[in-house]
Amino acid sequence: MRNVCVIAGGQSTWGLRRASQRDLFQEAGKACFDSNDLISNKNIDGLIVASAGTGRCSLQTHLAPLVAEYLGIKPESVCARVELSGASGSAGIIMAYGLIKSGVADVVMVAGGEKLHLPQCREADYSGPGSLDRDWDGAMGLGLPPLFALAAKQHMKKYGTTEEQMALVAVKNRRNGMNNPKGQFREPVDLKTALNAKTVVQPLKLFDCCPVTDGAAAIILAVEDKARYFTDQPLVYIRGCAQASAGNMTANMASWTTWEALKTAARQAYRNARIQPQDVDVAQTHDCFTIAEIIAYEDLGFCEKGEGGCFIQEGKADFGGQVPVNTDGGLLSCGHPPGATGIRQGIEIMRQLRGDAVRQVAGARIGLTHNLSGAISAHTVVVYGRDLE
Amino acid sequence: MKGISLLEGKYAVTMDPYPQQSKEFNRIHPFYENLRQKRFTTTRCRSCGWRSFPPRVICPECLSTELEWVDLPVRGRVLVVTEEETGVPAGFDPPLIHALIDLDGQLTYFGRVINCATGELKEGDEVKLAVFRVEPVPVDAKKGAVILQERVFFAFEKVK
């Protein structure tokens, strides 16, 4: 059986950047290679590029060969782009995992990135509906924030979740992101400020929402025997993964408070990894909005349904709690370039499991990443481990 | 209703938030033709009876192509209201009022409510289909002519 490991990772600085998409990919590629002296661009046999906005914002398709040329990579096993909106990066990791596992490729870089503030700063408002069912939900004036506002309102009504509990997610993740030199926001936010911030869409306020972000990230996956050759760090395995979708247009969403596709993806990923939810030591979840992190605690099985609000309030998602979540600041602090987010999450989990994270979860052996995408209509879960069993 | 409004309409036509609707571009053009008659319709499979939304050209359950057009309710009741104050998509002006609407148990629609002031719409209110014209789309015709194809779209409005 071929086992798959992550052996290097790095990112560009994220934020409102004065740089082109290809500048950002170069920065991320260099940061990735610089993170591991034992591997170079000449050792990569495959490249998967993840980007959702490239066609729209940079008018650039056929992106993977361009990134390969700029990073000095000459792919000979795979060279293609994948897209799954906000989960594009995780989709790339899953594809690379499958190709390595099956013997098609040995050492693959997954590089994700976006330049979203083009051709003008409001581009994200223009192109947001493109990740929904554009002809129906998009034409209705729907972007992403109202979907999560609806989920929040329903969750509050059904389970008594409060605006304060949602704000606590923002407070935690902003605190976690303070020492992340490449994140978009590095300033903490206190509870009062979060609760009194400008409303975006009720009940979500400014700090409940992740920003629009330019940025890139890159990670290298390798088959185990080559991983041993190309790193002197502890090996981190990809133990299991899954993606699920159960309806795309909002009118076909069975429930706004229980995300069935997330439960399915989690169940499959846990089964593949041969673990239970309670085995997870550290997790990076898709906190595009604070309510999303709360629902993810529940549907990933970290707590019972409806208890996500209490989970954050009781500190169970913080350092020292049951399972520290979004230890590098998550989307709320780091920002969210859709193609790069899943890769950033994978890099943070790799560091946590190796023991060299900026803010370390002591003794972490099993880590998890979760991405959602579109109208909450697809979910991706990847389980990483220091051990294979 | 505004379609391509930003930058004085000079931004690329791909900013257009509304779909192409005429028979040249779309096999489900009857939906829009029915909409002009203030009917809210979709397709149902003649083979297995599955009613889809949005309308289709194949049945996603049994893959039959034998579909028929059926009417959906044009009145519904508001389950949840949320008002969006900033960051709305291109071609729309804030505030946008979105409501989860129960269309007589047949469909739970997350739709926009228009002709309604902030704070006016409440849970339990009755709403009805509202059809309006949107920006026509320019289409190349023969001999260099450009014709403007008329289009419509829909939202909901409060029954007063």
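Here the structure is a predicted model, which is why all the values come from computation and not from measurement. Lettering follows sequence order; numbering is per chain, from 1.
Using a 30° and 60° split on the angle between ring planes, A/Tyr159 and A/His155 fall in the tilted class, from 30° to 60°.
Proximity to chain B (any heavy atom under 4.5 Å) is shown, for A/Asp135, by both the backbone and the side chain. Using a 4.5 Å cut-off between heavy atoms, B/Gln106 does not touch chain A at all. When heavy atoms are compared at a cutoff of 4.5 Å, A/Met249 approaches chain B solely by way of its side chain, counted from C-beta outward. Contacts between B/Thr86 and chain A at a heavy-atom distance below 4.5 Å involve backbone atoms as well as side-chain atoms. In this structure, no portion of B/Ile97 lies under 4.5 Å from any heavy atom of chain A. Contact annotation for A/Leu144: neither backbone nor side-chain heavy atoms come within less than 4.5 Å of a heavy atom of chain B. If you measure heavy-atom distances from B/Leu79 to chain A, the contacts under 4.5 Å come from the backbone alone.
Taking the centre of each ring, B/Phe40 and B/Phe53 come in below the 6.0 Å mark. Checked against the 6.0 Å centroid criterion, the rings of A/Phe185 and A/Trp14 do not qualify as a close aromatic pair.
Panel note: side chain B/Arg77, backbone B/Asp102; no donor-acceptor pair is recorded below 3.5 Å.
Annotation: cation-pi pair B/Arg151/B/Tyr32 absent, no NZ/CZ under 6.0 Å from the ring centroid and within 45° of its normal.
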Original post:
Where do B/Glu24 and B/Ser22 land on the side-chain hydrogen bond (donor to acceptor under 3.5 Å, both in side chains) test, with the steps shown first?
Top reply: CA-CA 5 Å; B/Glu24 291 88 347; B/Ser22 68; 2.8 Å; yes
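Options A/Pro146, A/Ala251, A/Ala149 differ in how many heavy-atom pairs under 4.5 Å they form with chain B, and the most are formed by A/Pro146. Ranked by heavy-atom pairs under 4.5 Å with chain B, the first of A/Thr250, A/Leu142, A/Asp137 is A/Leu142.
One side chain, A/Asn248 or A/Ser377, offers a donor N or O that lies under 3.5 Å from an acceptor on the other.
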